[in-house]
2 protein chains.
Amino acid sequence: MMTRAPDDARCPDDAEPAEGDYRVDRQIGFFLRQANQRHVALFASIMGDRLTTTQWAALTKLREVQPISQNHLGRETAMDAATIKGVVDRLVARGFVRTAPDPEDGRRLVLSITPEGEEAVARNLSAALAVTEETLAPLTAGERRMLIELIRKIC
Amino acid sequence: MMTRAPDDARCPDDAEPAEGDYRVDRQIGFFLRQANQRHVALFASIMGDRLTTTQWAALTKLREVQPISQNHLGRETAMDAATIKGVVDRLVARGFVRTAPDPEDGRRLVLSITPEGEEAVARNLSAALAVTEETLAPLTAGERRMLIELIRKIC
DNA sequence: TGCCGTTTATTTGTATACGAACGATTATGA
DNA sequence: TCATAATCGTTCGTATACAAATAAACGGCA
C-alpha cells in the first residue's frame with residue numbers, strides 16, 4: 001500500500017511555491033498585457049488619421065482642460081514627463097497642438113489645441129466610441145459595468 | 001413652460017456622438033493601459049534581477065515548453081516575431097537562454113533554458129506570485145475571480 | 001524536378017514607457 | 001534675504017510593440 005498519492009510526491013512538508021505549477025499565462029499581468037494589446041490593435045484598425053491611443057488620450061484630454069502645462073497634461077493622462085513630451089511633439093508636428101511659454105512661470109510650457117486638432121477630434125470621435133464598443137463586444141452590458149468597476153480598483 | 005430640459009439642449013434630433021460628453025479617462029482602453037502600467041511598476045519594484053514582465057513570461061513559458069522555436073515561443077507569450085527576438089537576445093546575453101540551429105529545419109532557432117535560467121526562475125518565483133497578489137490586493141477573492149473571468153473574454 | 005506559396009528569422013523605422021540625470025526656474029523656510 | 005527644496009522641461013539609455021520589407025529554407029503540387 002502506498003503511503004503517499006503519486007500527485008503529492010513533491011515536497012509535501014515544504015511551504016515554498018510549487019515550481020511545476022506556475023503558469024505565466026494564468027497570471028493577471030499576462031491578461032492585462034494581452035487585453036491592452038487587443039485594444040491597441042482595434043484602435044489602430046478602426047481609427048483614422050494614424051492617431052495612436054496615447055495621442056488620442058492627450059488630444060482629447062487637452063481639449064477638456066486647456067490651457068495646461070505639458071507635465072500636468074501628462075499626469076492627467078497617466079504619462080511620464082519623458083513620454084508626454086514625445087506625444088506632444090508629434091501632435092505639434094501634425095498641427096493639432098500649439099505650445100507657448102507661460103508668462104507667469106518660466107519653467108512651464110502651456111499647451112492648447114488648434115482648430116485642426118479640434119477637427120481631428122470631431123472627425124474621429126465616433127470611431128473612438130466604436131473602439132470602446134468593439135473592445136467590450138464579447139461582454140454583456142452587466143459584464144461591462146462589472147469589468148470597468150473592477151479594473152478601476154486595480155489602477 | 002419649457003418644452004425641453006436644460007441638459008437636453010444640444011442636438012436633440014441628432015444621432016451623432018455628443019462631443020462635449022466624451023471622456024477618454026472613462027473608456028476601457030484608458031483603464032487597460034493604466035492597470036497594465038501599475039502591474040509593470042509593481043513587477044519592477046518587487047522582482048529582483050532586473051527581469052522585465054516580458055522576459056519573465058518568455059523565460060517561464062520556455063521552461064514549460066522547451067525545446068521550442070523562437071517564433072513559436074513568441075506566439076505562446078503573445079509577442080510579435082520582432083519583439084520576441086529582442087527579448088530572447090537579452091535573455092541569451094544574460095546566460096538564461098541558449099539557442100541552437102534546428103538540424104531538421106534550417107530556418108528554425110531552437111531555444112532552451114540554461115541552468116542559470118532555471119535558477120533565476122526558482123529564485124524569483126515567490127516574488128512573481130507576490131506581484132500577482134499585490135496587483136489584485138484591492139479586490140476580494142470573489143472579485144478577483146470575476147475580473148480574471150471577464151478580462152479573459154476580451155483578450 | 002522545378003515552381004510557388006508559406007514559414008522563419010532578421011532588420012529598419014516609428015511609437016510608447018520609464019529610470020536617471022541635468023539645467024533652469026520657482027517656492028519654501030529659517 | 002538666502003540657502004534649500006521642489007518643479008518643469010529636456011535628454012539619454014534601455015525595453016517593449018508592431019508594421020513592413022527582406023533573405024533563407026521548407027512545403028506542396030503540377
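- Salt bridge absent: Arg94(B) and Glu116(B) never bring a charged side-chain N and a carboxylate O closer than 4.0 Å.
- In this entry the distance linking CG of Asp102(A) with C1' of dC8(D) reads 11 Å, nearest Å.
- One N or O on the side chain of Arg38(B) and one on the backbone of Ile154(A) form a donor-acceptor pair closer than 3.5 Å.
- Each of Val110(B) and Glu104(A) has a nearest nucleotide on DNA chain C; the 5'-most of these lies closest to Val110(B).
- Using modelled atom types, no side-chain atom of Glu118(B) and backbone atom of Thr114(B) make a donor-acceptor pair closer than 3.5 Å.
- For DNA chain C, the outermost nucleotides in 5' to 3' order that have an atom under 4.0 Å from a heavy atom of chain A are dA15(C) to dT26(C).
- Under a 4.0 Å N-O distance rule, the pair Arg144(A)/Glu133(A) qualifies as a salt bridge.
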Under 4.0 Å protein heavy-atom contact, by nucleotide of nucleotides 10-23 of chain D - B base, S sugar-phosphate only: BB---SBBBB----
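- Pairing each heavy atom of Ile113(B) with each of Arg98(B), the nearest pair is O-NH2, 3.8 Å.
- At distances below 3.5 Å, not a single donor-acceptor pair connects side-chain atoms of Thr99(B) with backbone N or O atoms of Leu111(B).
- There is a path of hydrophobic side-chain contacts, each under 4.5 Å, that joins Val92(B) to Leu51(B).
- Of the possible donor and acceptor atoms, none in the side chain of Arg23(B) sits under 3.5 Å from a partner among the backbone N and O of Glu64(A).
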